[in-house]
Amino acid sequence: MSFEKFGLAPRLLKGVKSMGYQKPTPVQQDAIPPALMGRDVVGCAQTGTGKTAAFVLPALQLLGHRRKVGVLVVTPTRELAQQIEEVARHCARFTGHKVMAVYGGVNYNPQAARLRRGIDLLVATPGRLLDLHRRGDVDLGSIEMLVLDEADRMLDMGFWPDVRRIIRVLPKKRQNLLFSATMPPQVMAVIGTELNQPCRVEIGRSAVPVEAIDQAVYPVDSRQKSELLAALLEKRGLDRVLVFTRTKRRADNVCRDLVCNGIGAVPIHSNRTQAQRRTALEGFKNGKYRVLVATDIVSRGIDVDNISHVINFDMPYRREDYVHRIGRTARAGSSGTAISFLAAEETAELRNIEAMIGFTLKCNDLEGFNYTQRLLSNPKRQAKKIRRLVYNGGALSGRRRRRRRTPVGTSV
Ligand code: AMP
């Protein structure tokens, strides 16, 4: 399968080639043809599958040059909006379409002024778009195609009422493309009422992690997590590592500890300004920082190639976030590694994640690391069912030697 087979305009194909894409990814193969035929499409696909180009290419192919917003892409975060804008700009490099992203956290007036000069494809976060609409700075009356990107995330982040408000002001006759990693009932409801016999495209089972990712759990006492992280980075010589924490404060603390250990690290979370986030991402991309420490809210906006490892410093509260987090590595077919630090108090989260992904995660150790007492699973039981956990003060190998004599559930 090649991009030429889609019958895309030569200028659009030139843009695709300039991005270095050789052949379409599965989601592109499945979603582009029906979208080009004008059909509504529901794509169940995670970030990392190439879904952005799957909606940007048909959008640009079908879009005129009227300098009125013809395609509207609604997405939850500024980072995602910027990334979609970047992909769309690249694809539109030779087509002459005007592309722009609007999002909160930056000055309103320059965005409004640029919109007034005329835009063909608009990417927007819900809040800023509604502001612009309320103040009469954007005309949504010419929309021919609506793309809802990461619909489940917009729901999680509380944007759903805004999304519904936006849908209400759009022309009834339009094409709809909806992408979501999971399909919660509220999203399904929109599909049922707003969409016209959509073509469903499902890449893998929804919310199943990308298979190429090697995943392991590292049991550790919560007080030793920082120490283990620094030791892991140093001993294994890891570069381009994305670390996730549960809270913004923990992200800042982890960064501080890494920097104290002489490891270049930078935080990215919603308390950081737009400029700080951009500098952090750029510094991480160009190798100034080995480690980027993030919270879940910003995780989907992180589109950096060649992230070798994702480390869950803390288990995510929500099991779906596990998938989104580890999806930052192994982008578009390359392989990656995901390591999750597991403290005793996080076993419920681990069970939840394993129940969702349908298999137990293997346990691993950092050789030579001086572990204090921690919670360990009984490796013998792993393959069969969700594990009961036992305390273990030493390394995994020590536990293995003793396991025949030690009943499950005891402290050793
Ligand atoms: P997305 O799922 O849209 O966030 O895309 C994930 C990554 O895959 C981005 O870095 C894209 O540039 C890249 N990508 C998208 N489509 C292709 C393709 N056909 N070939 C190679 N890389 C791609």
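Counting convention: from 1, in listed order, for ligands and their atoms alike.
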Does Met19 have a non-hydrogen atom less than 4.0 Å from ligand 1? no
Heteroatom proximity flag, Pro24 to ligand 1, N/O under 3.5 Å: no
Can you tell me which portion of Phe55 lies within the under-4.0 Å heavy-atom range of ligand 1? Options are side chain, backbone, both, or neither. neither
For Arg200 and Gly43, indicate whether the former's side chain and the latter's backbone hold a donor-acceptor pair under 3.5 Å. no
Quick check on contacts: which atoms of ligand 1 are under 4.0 angstrom from a heavy atom of Phe3? 19 (N)
Less than 6.0 angstrom from the centroid, inside 45 degrees of the normal: does Lys225 satisfy that with respect to the ring of Phe341? no
Quick check: does any side chain N or O of Ser180 sit under 3.5 Å from a backbone N or O of Met183, one acting as donor and the other as acceptor? no
Can you name the atoms of ligand 1, numbered from 1 with element, that are less than 4.0 Å from a heavy atom of Lys23? 18 (C), 19 (N), 20 (N)
Using a 4.0 Å cutoff against the non-hydrogen atoms of Thr25, which atoms of ligand 1 qualify? 16 (N), 17 (C), 18 (C), 19 (N)
Aromatic rings Phe179 and Phe55: how do their planes relate, parallel, tilted or perpendicular, breaks at 30° and 60°? tilted
Does any N/O atom on Gln22 come nearer than 3.5 Å to any N/O atom on ligand 1? no
Within this structure, what is the OG1-NZ distance for the pair Thr279 and Lys288, rounded to the nearest 0.5 Å? 8.0 Å
Taking atom CD of Glu4 as the centre, does the number of heavy atoms from other residues, nucleotides or ligands within less than 6.0 Å exceed 12? yes
Here the atoms of ligand 1 under 4.0 Å from any heavy atom belonging to Thr52 are 1 (P), 3 (O), 4 (O)
